[in-house]
Amino acid sequence: MPELPEVETTRRGIEPHVRGRVVARVRVREPRLRWRVPRSLSRELPGQRIDAVRRRAKYLLLDTGAGSALLHLGMSGSLRLVREAMPAGPHDHVDIVLDNGWSLRLNDPRRFGSLLWTRGDPLEHPLLAGLGPEPLGAGFDGAGLHARARGRRVAIKPFLMDSRTVVGVGNIYASEALFRAGIHPARAAGRISLARMERLAAAAREVLEDALRAGGTTLRDYSDVEGAPGYFAQDLRVYGREGLPCLRCGAPLRAIVLGQRSTYYCARCQR
DNA sequence: ACTGGCTCCTGAGGGC
DNA sequence: TGCCCTCAGGAGCCAG
């Protein structure tokens with residue numbers, strides 16, 4: 001579930017509580033996430049001070065002198081800060097217990113998330129090494145999108161959701177960005193002009209920034225570190241609005257499936 | 001190299 | 001009420 005705004009909201013929420021703290025221990029109740037939580041994490045993270053809390057794509061990185069914990073929330077994951085003694089509930093799979101009595105608690109009903117440990121530069125980890133640019137960073141623009149799309153027949157929406165194109169744009173924000181840019185989600189990526197790709201890059205950045213300001217989008221189970229929802233759901237213009245009038249032209253919004261993912265758009269405004 | 005499809009898992013919601 | 005079906009915010013991996 002979480003896309004970039006939700007992961008970044010989580011990062012900002014935990015950073016002041018976690019940075020500079022020493023990990024007292026790691027409690028793994030259920031190691032069977034997307035990949036098994038490695039024993040090296042429980043062995044090597046305790047005793048380490050967390051020097052930085054970073055985000056790359058939808059991965060959170062907890063950096064220490066000995067290595068980095070690499071955390072992904074998958075579709076249904078969330079992090080909470082709780083008192084260490086707080087009884088664990090269903091799907092509370094892992095606690096990273098800090099030296100001040102607080103715990104970073106990972107809850108993930110579907111277990112599509114992951115928690116890994118890497119000793120080297122985490123950005124060189126195989127899961128991160130091939131990722132495209134950050135959408136809110138300097139390396140993302142229309143020219144890059146246009147160059148990368150050259151000759152590609154894949155629909156623009158799954159192209160935009162491909163983490164080698166740009167990271168952090170998930171199913172909600174892909175539909176929202178294409179609506180804002182006026183581009184039909186099924187249009188072949190290679191058949192979009194440079195000028196329209198520039199609009200798309202700007203639209204993607206804007207929708208992610210707007211969502212970040214609202215604390216992310218809560219559809220069902222996303223919540224921030226304090227347990228509060230994100231408020232961007234009320235600002236979604238097309239996602240989940242099949243049959244409702246387009247906010248721009250009034251035509252009923254449509255839903256199709258692209259790349260096995262629900263896609264929402266206005267057939268009149270998006271070409 | 002691209003493309004599309006499958007997969008992991010639990011829970012919510014709708015229809016009957 | 002209960003049962004069954006479909007769908008869900010990700011993304012790595014595979015076959016063709």
Side-chain angles (χ1 to χ4, degrees), chain A residues 1-10 29-37 55-60 70-79 89-94 106-116 125-132 135 147-177 185-191 204 207-208 210-212 214-224 229-236 238-243 255-264:
Chain A
M1 71 70 238
E3 301 187 36
L4 186 143
E6 294 76 38
V7 178
E8 178 61 20
T9 296
T10 298
R29 300 186 191 80
E30 173 55 85
R32 294 174 302 165
L33 305 186
R34 168 143 200 200
W35 295 286
R36 191 172 187 87
V37 178
R55 180 189 56 74
R56 174 70 174 110
K58 297 172 192 167
Y59 289 91
L60 289 171
L70 222 158
L71 176 74
H72 196 292
L73 297 174
M75 288 276 261
S76 58
S78 58
L79 278 179
H91 313 302
D92 282 339
H93 304 315
V94 180
L106 173 65
N107 182 281
D108 186 2
R110 294 176 71 181
R111 291 194 273 122
F112 288 173
S114 53
L115 177 56
L116 300 171
H125 189 280
L127 291 172
L128 303 190
L131 294 174
R148 200 188 145 68
R150 179 178 298 270
R152 299 285 303 275
R153 283 148 46 160
V154 66
I156 183 64
K157 189 205 174 219
F159 175 80
L160 192 60
M161 292 175 66
D162 185 334
S163 62
R164 292 166 298 185
T165 303
V166 59
V167 301
V169 183
N171 200 39
I172 296 179
Y173 301 118
S175 279
E176 294 295 312
R187 172 169 288 272
R191 293 190 57 252
V207 71
L208 292 171
D210 288 352
L212 198 46
T217 300
T218 296
L219 292 184
R220 51 185 62 198
D221 49 14
Y222 170 76
S223 62
D224 71 13
Y231 296 101
F232 196 68
Q234 61 202 59
D235 296 315
L236 296 176
V238 289
Y239 186 87
R241 302 189 68 245
E242 180 182 9
I256 54 174
V257 174
L258 286 177
Q260 295 84 236
R261 310 301 296 277
S262 299
T263 303
Y264 302 88

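The chains referred to below are lettered A, B, ... by the order of the sequence lines, with proteins before strands, and numbering in each begins at 1.
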Looking at every heavy atom in both A:G170 and A:E3, which two are closest together, and how far apart are they? N-OE1, 2.7 Å
Taking atom P of C:dA11 as reference, at what distance in whole Å does atom CG of A:L160 sit? 13 Å
Between A:S262 and A:K157, which heavy-atom pair has the shortest distance, and what is it? O-NZ, 3.2 Å
Find the distance between CD (A:E6) and CG (A:L219) and round it off to the nearest 0.5 Å. 8.5 Å
Give each protein N/O atom lying under 3.5 Å from an N/O atom of nucleotides 4-6 of chain C, with the pair distance.
none

Whole-Å distance, A:D108 CG to C:dA8 P, equals 18 Å
In whole angstrom, give me the gap between the P atoms of C:dT6 and B:dC6. 14 Å
Euclidean distance for P, C:dC7 against B:dG5 (whole angstrom): 15 Å
Pairing pattern in dot-bracket form [Watson-Crick, G-U; both distances under 3.5 Å; | = partner strand] for DNA chain C: .|||||||.|||||||
By salt bridge (Lys or Arg N to Asp or Glu O under 4.0 Å), A:R164 pairs with (sequence neighbours left out) A:D162
Please enumerate all protein N or O atoms sitting under 3.5 Å from an N or O of nucleotides 4-8 of chain B, with distances to 0.1 Å.
unit_1, atom_1, unit_2, atom_2, d
B:dG5, OP2, A:Q260, OE1, 3.2
B:dG5, N7, A:Q260, NE2, 3.4

Which pair of non-hydrogen atoms, one from A:A189 and one from A:A149, has the smallest distance, and what is that distance? O-CB, 3.4 Å
Between C:dA8 atom P and A:N171 atom CG, what is the distance in whole Å? 8 Å
Measure all distances between protein nitrogen or oxygen atoms and nitrogen or oxygen atoms of nucleotides 14-16 of chain C, and list the pairs falling under 3.5 Å.
none

Measuring from atom CG of A:L208 to atom CD of A:E8, what distance do you get when rounded to the nearest 0.5 angstrom? 11.0 Å
Applying a 4.0 Å non-hydrogen cut-off, can you work out what A:Y59 is touching in the nucleic acid: base, sugar-phosphate, or nothing? sugar-phosphate
Measure from CG on A:L73 to P on C:dG10 and round the result to the nearest Å. 11 Å
Which heavy atom of A:E176 sits nearest to which heavy atom of A:V207, and what is that distance? CB-CG2, 3.7 Å
Shortest side-chain distance from A:H91, nucleotide among C:dG10, B:dT10, C:dG12: B:dT10
With sequence neighbours left out, write down each residue that passes salt bridge (Lys or Arg N to Asp or Glu O under 4.0 Å) with A:E30, or none if nothing qualifies. A:R32
With a 4.0 Å cutoff (strictly under), does any side-chain N or O of A:Y173 reach OP1 or OP2 of C:dG9? no
Report yes if a side-chain nitrogen or oxygen of A:R261 is closer than 4.0 Å to either non-bridging phosphate oxygen (OP1 or OP2) of C:dG9; otherwise report no. yes
Nearest-Å distance for atom pair CG/C1', residues A:N107 and C:dG9: 15 Å
For the side chain of A:P109, counting heavy atoms from C-beta on, which of B:dG11, B:dT3, C:dG9 is nearest? B:dG11
Would you check if A:H72 and A:R34 make a side-chain contact, meaning some heavy-atom pair closer than 4.5 Å? no
Checking A:T217 against A:Y222 for the side chain to side chain contact (heavy atoms under 4.5 Å, CB included) test, could you report, in this order, the C-alpha distance in whole Å, the side-chain angles of both residues, the deciding distance, and whether it holds? CA-CA 8 Å; A:T217 300; A:Y222 170 76; over 6 Å; no
Do A:L71 and A:L106 pass the side chain to side chain contact (heavy atoms under 4.5 Å, CB included) test, and can you show the C-alpha distance, the side-chain angles, and the key distance before you say yes or no? CA-CA 9 Å; A:L71 176 74; A:L106 173 65; 3.9 Å; yes
For the pair A:L128 and A:Y59, evaluate side chain to side chain contact (heavy atoms under 4.5 Å, CB included) and give the outcome as yes or no after the intermediate values. CA-CA 8 Å; A:L128 303 190; A:Y59 289 91; 3.2 Å; yes
Working to the nearest 0.5 Å, report the span between CZ of A:F159 and CG of A:L258. 14.5 Å
If I take atom CG from residue A:D92 and atom CG from residue A:N107, how far apart are they, to the nearest 0.5 angstrom? 4.5 Å
If I take atom CG in residue A:L33 and atom C1' in nucleotide B:dT10, what distance separates them, rounded to the nearest angstrom? 13 Å
Rounded to whole angstroms, how far apart are OH on A:Y231 and P on C:dG9? 22 Å
Which whole-number value in Å describes the distance from A:L258 CG to C:dG9 P? 13 Å
Ignoring hydrogens and geometry, is there a side-chain-to-backbone donor-acceptor pair from A:T218 to A:G216 under 3.5 Å? no
Separation of the P atoms in B:dC9 and C:dC3, to the nearest angstrom: 24 Å
